[in-house]
Amino acid sequence: MRFMFVGDSMTIGRAGDYTWRYRMWQHLSAVPGGPHEIVGPRTALFDTAAGEPTSHAYADPRFPQDARRHLAGWGEGWQHMAPLIGSAVRSGEPDVLLVSLGLIDLGFYTGAEETAANTRRFVAEARAARPGIRMVLLPVIPNVRAETDAPFAAEVARFNELLAKAVADLSTDASPVLLAARPASYEIAHDTYDGTHPNASGEHRLAGEFAAVLHQAWGIGGPYRMP
């Protein structure tokens, strides 16, 4: 089974991070369910000093090169990934997409309605490339900005409503789309290093939510073991 991680800065990670992708790879490697492969056109972390995704300094250098693959970008959201997902799916042939997007869209590019339209476009493009593909979509987790910016917090809440509707509208037996939940006990002050990006505990909580959906809905893997 082939998995592709799709996301923004929370998914690509910065130089020196483990990333939740690493935590998910560890989980998939440790649980029963047969062999798996991580696919995607990119492998790098974001180098904050250079301002470019050029770093390969993962916190654990033993993280295998082929397991570092992803389609994630610092500052990239649904509007950026919708045009890219078709070619990435055709090339990597993933069976399952694990997607965490939306915060950057709402924060800098598009409102809730347009972001939701880009989400639907993303799903259509992925299916056009691989009709039987499965997807797990994570809702937007409000960051520290939402604590003081009421209009932004409202856009996040509105998008999450529209995302749930899109999942209900678009999921099919042949190509199911599932909506994950905000990870249990995920707290901005405790699980991020800057009010947005996950630290070690946040990485585990994000990976744990995706793992829970895979296991409960499709019998893939097993329960996630929090440290």
Side-chain angles (χ1 to χ4, degrees), residues 1-29 35-105 107-109 115 118-119 121-130 133-138 140-141 180 193-194 196-200 202-203 206-207 209-211 214:
M1 180 165 286
R2 294 180 294 275
F3 297 87
M4 182 184 292
F5 305 115
V6 184
D8 51 27
S9 56
M10 293 174 65
T11 299
I12 185 175
R14 61 177 181 171
D17 284 350
Y18 285 97
T19 76
W20 72 261
R21 299 181 284 108
Y22 168 83
R23 311 295 185 183
M24 195 66 191
W25 164 75
Q26 283 190 311
H27 167 73
L28 291 171
S29 299
H36 73 275
E37 182 180 1
I38 307 300
V39 298
R42 306 173 182 177
T43 59
L45 296 157
F46 189 77
D47 187 326
T48 54
E52 299 285 345
T54 55
S55 175
H56 295 275
Y58 284 85
D60 185 351
R62 296 169 297 177
F63 191 15
Q65 290 292 330
D66 57 0
R68 298 179 179 187
R69 298 170 183 157
H70 62 80
L71 177 62
W74 200 277
E76 296 184 61
W78 287 108
Q79 73 166 15
H80 304 89
M81 293 305 178
L84 301 179
I85 192 61
S87 61
V89 167
R90 280 189 291 273
S91 176
E93 298 185 328
D95 301 297
V96 181
L97 300 179
L98 303 178
V99 187
S100 174
L101 288 169
L103 184 64
I104 196 72
D105 302 83
F108 296 96
Y109 304 119
T115 304
N118 287 329
T119 302
R121 179 185 171 198
F122 175 99
V123 172
E125 293 289 343
R127 282 179 170 161
R130 193 166 175 82
I133 198 164
R134 292 185 267 183
M135 306 176 218
V136 181
L137 312 183
L138 189 73
V140 172
I141 300 172
Y193 62 78
D194 62 354
T196 297
H197 301 95
N199 56 21
E203 290 170 354
L206 291 173
E209 178 57 32
F210 280 110
L214 291 175

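Scope of the values below: all heavy atoms of this structure, side chains included, with no hydrogens, waters or symmetry mates.
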Give the intermediate values and the outcome of side-chain hydrogen bond (donor to acceptor under 3.5 Å, both in side chains) for residues Tyr22 and Asp60. CA-CA 9 Å; Tyr22 168 83; Asp60 185 351; 2.5 Å; yes
Please work out whether the ring planes of Tyr193 and His197 are parallel, tilted or perpendicular, with thresholds of 30° and 60°. parallel
Look up atom CG in Asp47 and atom OG1 in Thr54, then write down how far apart they are to the nearest 0.5 Å. 4.5 Å
How long is the span from the CG atom in Leu103 to the OG1 atom in Thr196, to the nearest 0.5 Å? 6.0 Å
Could you check whether any side-chain heavy atom of Val39 comes within less than 4.5 Å of a side-chain heavy atom of Arg2, counting everything from C-beta outward? yes
Go through the steps to decide whether Leu97 and Phe5 satisfy the test side chain to side chain contact (heavy atoms under 4.5 Å, CB included), and finish with yes or no. CA-CA 6 Å; Leu97 300 179; Phe5 305 115; over 6 Å; no
Any heavy-atom pair between the side chains of Pro94 and Met1 that's under 4.5 Å? no
Side chain to side chain contact (heavy atoms under 4.5 Å, CB included) between Glu37 and Arg69, worked out: CA-CA 10 Å; Glu37 182 180 1; Arg69 298 170 183 157; 3.3 Å; yes
Provide the closest heavy-atom pair for His36 versus Ile38 in the form atom of the first, atom of the second, distance. CD2-CD1, 4.0 Å
Should Val136 and Val99 count as side-chain neighbours, where that means a heavy-atom distance under 4.5 Å? no
Does the salt bridge (Lys or Arg N to Asp or Glu O under 4.0 Å) test come out yes or no for Arg23 and Glu203, once each step is laid out? CA-CA 7 Å; Arg23 311 295 185 183; Glu203 290 170 354; 3.0 Å; yes
Are side-chain heavy atoms of Met135 and Arg127 found at a separation under 4.5 Å? yes
Do Val96 and Met4 make a side-chain contact, defined as non-hydrogen atoms from C-beta onward lying under 4.5 Å apart? no
Are Trp78 and Tyr109 close enough that their ring centres sit under 6.0 Å apart? no
Any side-chain heavy-atom pair from Leu71 and Arg42 closer than 4.5 angstrom? yes
Distance-minimising heavy-atom pair for Leu101 and Val140: O-CG2, 3.7 Å
Please confirm whether the backbone N or O of Leu84 pairs with a side-chain atom of Ser87, one donor and one acceptor, at under 3.5 Å? yes
Can you see whether Arg21 engages Tyr58 through a side-chain donor-acceptor pair at a distance of less than 3.5 angstrom? yes
Tightest non-hydrogen contact, residues Ile12 and Thr19, listed as O-CG2, 3.7 Å
Interatomic distance, Ile104 atom CD1 to Trp74 atom CH2 [nearest 0.5 angstrom]: 9.5 Å
Note: Ala129 and Arg90 closest approach over all heavy atoms is CB-CG, 3.5 Å
Grab the two heavy atoms, one from Gly77 and one from His80, that are nearest each other, plus how far apart they are. N-ND1, 2.9 Å
Hey, does the side chain of Arg68 reach the backbone of Ala44 with a donor-acceptor pair shorter than 3.5 angstrom? no
Please verify the inter-ring angle class for Trp20 with Phe210; under 30° counts as parallel, over 60° as perpendicular, anything in between as tilted. parallel
How long is the gap from CG on Leu45 to CD on Glu52, to the nearest 0.5 Å? 14.0 Å
Measure the OG1-NE2 distance between Thr43 and His56 for me, rounded to the nearest 0.5 Å. 4.5 Å
Are any of the side-chain heavy atoms of Phe3 and Leu28 separated by less than 4.5 Å? yes
All heavy atoms of Ser100 vs all of Leu138, minimum pair found to be OG-CD2, 3.7 Å
Audit row: Leu214, Leu98, side chain to side chain contact (heavy atoms under 4.5 Å, CB included) steps and yes/no: CA-CA 10 Å; Leu214 291 175; Leu98 303 178; 4.2 Å; yes
Flag side-chain contact, heavy atom, 4.5 Å: Glu125 against Met81: no
Assign the ring pair Trp25 / Phe63 to parallel, tilted or perpendicular, where the plane angle (0 to 90°) is split at 30° and 60°. tilted
Do the side chain of Thr119 and the main chain of Thr115 share a donor and acceptor less than 3.5 angstrom apart? yes
Just verifying a value: how many Å separate Thr11 OG1 and Met24 CE, rounded to the nearest 0.5 Å? 12.0 Å
